[in-house]
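Beneath this line is the structure, given in structure tokens, with notes to follow.
Every chain is numbered from 1, with letters handed out A, B, ... down the list of sequences. Every heavy atom of this structure was used, including side-chain atoms; hydrogens, water molecules and symmetry mates were not. Because the structure is a prediction, the values reported are computed rather than measured.
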Amino acid sequence: MRAILKSPAKARNRPRRKHRRHLVSRYDPSASESDWQSAWETADCFKALGLDCGKPKYYVLEMFPYPSGRIHMGHVRNYAMGDVIARFKMAQGYNVLHPMGWDAFGMPAENAAIEKGTHPATWTYENIDAMRAQLKSLGLSFDWSREFATCDPSYYRHEQAMFLDFLEAGLVDRRESIVNWDPVDHTVLANEQVIDGKGWRSGAVVEQRALTQWFLKISDFSDELLGALDGLTRWPEKVRLMQANWIGRSEGLACKFELAEPVGEFSNIQIYTTRPDTLYGASFCALSPDHPLTLKLAVTDTELDDFRAMCAARGTSESDIEGGEKLGYDTGLFVRHPLDPDWLLPVYVANFVLMGYGTGAIFACPAHDQRDLDFARKYDLPVRPVVRPANADSKFDIADTAYTGDGIMFNSGDFNGLSPAAAREQIIAQFVEQGRGTRQVNFRLRDWGISRQRYWGCPIPVIHCPNCGAVPVPRADLPVILPEDVSFSTPGNPLDRHATWKHTACPKCGGEAVRETDTFDTFVDSSWYYARFTGLDPDAPTDRAATDYWMSVDQYIGGIEHAILHLLYARFYARAMHRTGHLGTDEPFAGLFTQGMVCHETYRDADGNWLLPEQVERREDGAFLKDTPDQRVEIGGIEKMSKSKKNVVDPDDIIATYGADTARWFMLSDSPPERDVQWTQEGVDGAWRFVQRVWRLINTHAENLTNIKTVHVHPDEMPAPTLELYRTVHRSIHEVTRDLEALSFNRAVARIYNLANELSGFSPTDDAERAILKSGLLTLVQLFAPMMPHLAESCWHALGADGLVATADWPQADASALVEDSVTLPVQINGKRRAEIIVPKSADRATIEEIARAEPKVEKFLDGKSIKKCVVVPGRIVNFVV
RNA sequence: GCCCUCGUGGCGGAAUUGGUAGACGCGACGGAUUCAAAAUCCGUUUCUUUCAACGGAGUGUCGGUUCGAGUCCGACCGAGGGCACCA
């Protein structure tokens, strides 16, 4: 776009006119930013202090990146926010831990290996080097001494050791489960990698396959993970709600329906329901296609076996597309209704009953459950309502919509007239008392399957022996290191084909055995990195003294897209680590902030091809191709920056053109941080202008101020104009501090603009005024220093201040300057503002009313009317009701 | 379908516990400077009544509570996000 054309870099090089009064040269970020970065490095000022430093601790962490090779604007926004907090807290006197590392295992490295023939490790470490350099050019206050990549054996060896601890603690399970299997790539796919029932990479139809997998028993913690959400008061309500829904607690009744005729060892069907109140509306029972009884029947019933196969083939996402058509198979069996043994209900196998939830079998009440109703209508089964709305009579009937609202029980024997809630309670109590059922709590949350048929992940430290079963690798043999000599020329997992790595001796019996060739889900790596950052103990996953000091993370920042998986896994992992002695806390993140995305307009040419912003020229009459200016460009919606739509801006280009500070400032201004921000040329230009304006402001005064001493003068002794400025400065300190505490960066930015405006309008005439101006300018610099740290150092230096702003103490607001002696109050007549009065701050109600009545405009409005009431809120408002 | 969030100028957004709506920025317009431009500086900018006002209207729509509502309550409309056969 035009920014790149009329870049400030070019403007800067233009010869300047000679007769400017204040000849202040432009601020040149490219010249100074790297110098200040070196100065910080030399001073080593961002290294966390020891545990015994005596300062309170503050742990700020941004979600670490996947080393894709280049940072994007989303990273800039995320890390700029974290950096502001880190620098702000450091200035406030905290011992700050602000580390950075790499979430370095994962599929893109293998894809690169397949496409380019580069080894995943080479590709990954090259990317890390490139991205580290980019992050450093942003001037972020990371303690780089703690950097690690999760693909370093020095990291994943501890992950393996902890897995063995979890194994011993009973937190790990190995069992068969149904997975999405890509028959071409020979690998398991995650649900989100299956698109329209096909593998996202190979395009092959995904199969449902039963595989033996490793699981972490996160469901053991369901209740706790749910309950503890209430204590996470510094998390967004939205994230807590999403997690609560995901965990999905429900209360209900578990009971048995006796089979009219037993089938082998099956004499009854165990069901779970949250609506026992609708038992009298029962119409049929339904089994999951994977229910043990279904499997038993399918052995002899080939038609049922075909039905099962069809359900499996419909797979994961196809049901979504079909709109979830209900399909069933009549087994011909009957069960007895638990409240009336003579009442027989048919038993179906139904595709919408999941084996993984409850007991895999249900009783269906079509009148009050939409799925059951759809099924009943399709297979012509009875629909008997038992709950009617309070205003309906006993003829209440169901058409095509199940009634799920509250109301009054009817058609329900002894329970008629009760509310559904009361009926629910009574029926459960009755079943429990008679020993025919139990009150049961169920969760939607399943155990976490962590096996991946992948090379570029942490090897699972287990050896499979034909005689001894799954044997943990002895701790002395850790880490199990990934072999480097692997080939990606054929599909599937190279570990599975690696003869010398795979085949080994059983640690128990010494016989021939094979290694587990699956690797961990990469979410495992990111589930404990926050703890590792607190202390890099070479011999243990965590340094307990360090974790006890630093944990929990005081402020965690990242994208909302991790609201469930990563954040739930990490919360589980912290508990598992607590139980196995690696951590003293249960909650990893005391404070969570989820920032919005960075968006940009989209552009397409006449053929519909996406265009990069830099290929497009915006003019008054529309957008045109830069190379061929007569070609019109269609401007599309404002969407998240993505490579596929080409609506991206490269941080490197921005930094080269405008410097890191301008990019950071723009990312923090205007939009509230939790909301999406739109990257625009005008916005960057605005940020750039402010950088230059501040630089000019400082430098027009610098020469006259360097020798001025900023001695403290009591506000009472100041002349009016000086006092006004002094007040503005201290109000700014107060407000910016409050805004930064609340992570309201956009508001802090607005207040800084305001302060800069006020300072610009002040012309000192004597040394006393110069002293006030100087301290005001120094304050301004300190207030924006967390956001534009390089510019701040340059200004700090220009004003002749000592040391680095980065290590200076945060300014303190003079409380006495925040209180005004007099205050302007609006005067309303009947709620409409009619006038303003200036009253002493200390004035009481009566005095204020008197002053208000005396105000000419007020008199005019009150003239000839009777005052019914006068509301006076000191410091706020006066309102006459006439 | 269910759950959640949000609707404020031309735009991004401010507005403490209900108390002067539109801070700050962007854009636009006018002016200064300049041979001219860029850059910079000054001013105007919610809408509206032919100008103006210490005239009227105004925070998605309609209603309510209150001396007073962007803020609280109810209904509706619209946008965005999450979940989706969880019995």
Could you measure between the two C1' atoms, the one in B/rG10 and the one in B/rU5, and give it in whole Å?
26 Å

Which nucleotide in B/rA23, B/rG13, B/rC3 has an atom nearest any side-chain atom of A/L241
B/rC3

Shortest side-chain distance from A/N746, nucleotide among B/rA14, B/rU20, B/rA87
B/rA14

Rounding to an integer number of angstrom, what distance separates B/rC67 and B/rG18 when you compare their C1' atoms?
12 Å

Nucleotide nearest A/R689 when distance is taken to its side chain, options B/rC26, B/rG56, B/rC24
B/rC26

When rounded to the nearest Å, what value does the distance between P atoms of B/rG22 and B/rC76 take?
33 Å

Considering only heavy side-chain atoms of A/V353, the closest of B/rU20, B/rG12, B/rA87 is B/rA87

Choosing from B/rC67, B/rC83, B/rG12, which nucleotide comes nearest the side chain of A/S671?
B/rG12

Using atom P in both nucleotides, what's the gap between B/rA14 and B/rC62 to the nearest angstrom?
25 Å

How are the rings of A/H566 and A/H562 set relative to one another: parallel (under 30°), tilted (30 to 60°) or perpendicular (over 60°)?
perpendicular

Do A/W235 and A/F593 have ring centres separated by under 6.0 Å?
no

Looking only at atom C1', what distance separates B/rG19 and B/rC41, rounded to whole Å?
38 Å

Within the pair A/N757 and B/rG25, is there a side-chain N or O less than 4.0 Å away from OP1 or OP2?
yes

Less than 4.0 angstrom from a charged side-chain N to a carboxylate O is my criterion; do A/R308 and A/D290 meet it?
yes

Is there a side-chain contact (heavy atoms from CB on, under 4.5 Å) between A/Y753 and A/E758? Walk through the geometry before answering.
CA-CA 9 Å; A/Y753 270 115; A/E758 295 291 330; over 6 Å; no

A/Y658: which of A/W665, A/W688, A/F666 passes ring pair (Phe, Tyr, Trp, His ring centres under 6.0 Å)
A/W688

Checking contacts here: which listed nucleotide (B/rA21, B/rC85, B/rU40) is nearest the side-chain heavy atoms of A/N351?
B/rC85

So, A/S219 versus A/D447: side-chain donor-acceptor pair below 3.5 Å or not?
yes

Go nucleotide by nucleotide along RNA chain B from the 5' end; which of A/D676 and A/N879 gets its closest nucleotide reached first?
A/D676

P-based separation of B/rA38 from B/rU33 [nearest Å]
15 Å

Establish, yes or no, whether the cationic atom of A/R444 lies under 6.0 Å from the six-membered ring centre of A/W246 and within 45° of the ring axis.
yes

Side chain of A/Y357, heavy atoms from C-beta onward: which of B/rG25, B/rA87, B/rU20 has the nearest atom to it?
B/rA87

Separation of the C1' atoms in B/rU45 and B/rC6, to the nearest angstrom:
27 Å

So which nucleotide from B/rC85, B/rA87, B/rA39 ends up closest to the side chain of A/R26?
B/rA39

Comparing A/R834 and A/Q678 on RNA chain B - which has the more 5′ nearest nucleotide
A/Q678

Check this for me: does any side-chain nitrogen of one of A/R275 and A/D369 sit under 4.0 Å from a carboxylate oxygen of the other?
no

N-glycosidic conformation, B/rG9 - syn within 90 degrees of 0, else anti:
syn

If I pick the P atom on B/rG56 and the same atom on B/rA21, what distance separates them, to the nearest angstrom?
13 Å

Every stem of 3 or more Watson-Crick or G-U pairs under 3.5 Å that RNA chain B joins, in order of first number, is B:1-7 with B:77-83, B:10-12 with B:24-26, B:27-32 with B:40-45, B:46-48 with B:55-57, B:60-64 with B:72-76

Could one point to a donor on the side chain of A/R876 or the base of B/rU17 with an acceptor on the other under 3.5 Å away?
yes

Within the structure shown, what part of the strands sits under 4.0 Å from A/T274 by heavy-atom distance: base, sugar-phosphate, or nothing?
sugar-phosphate

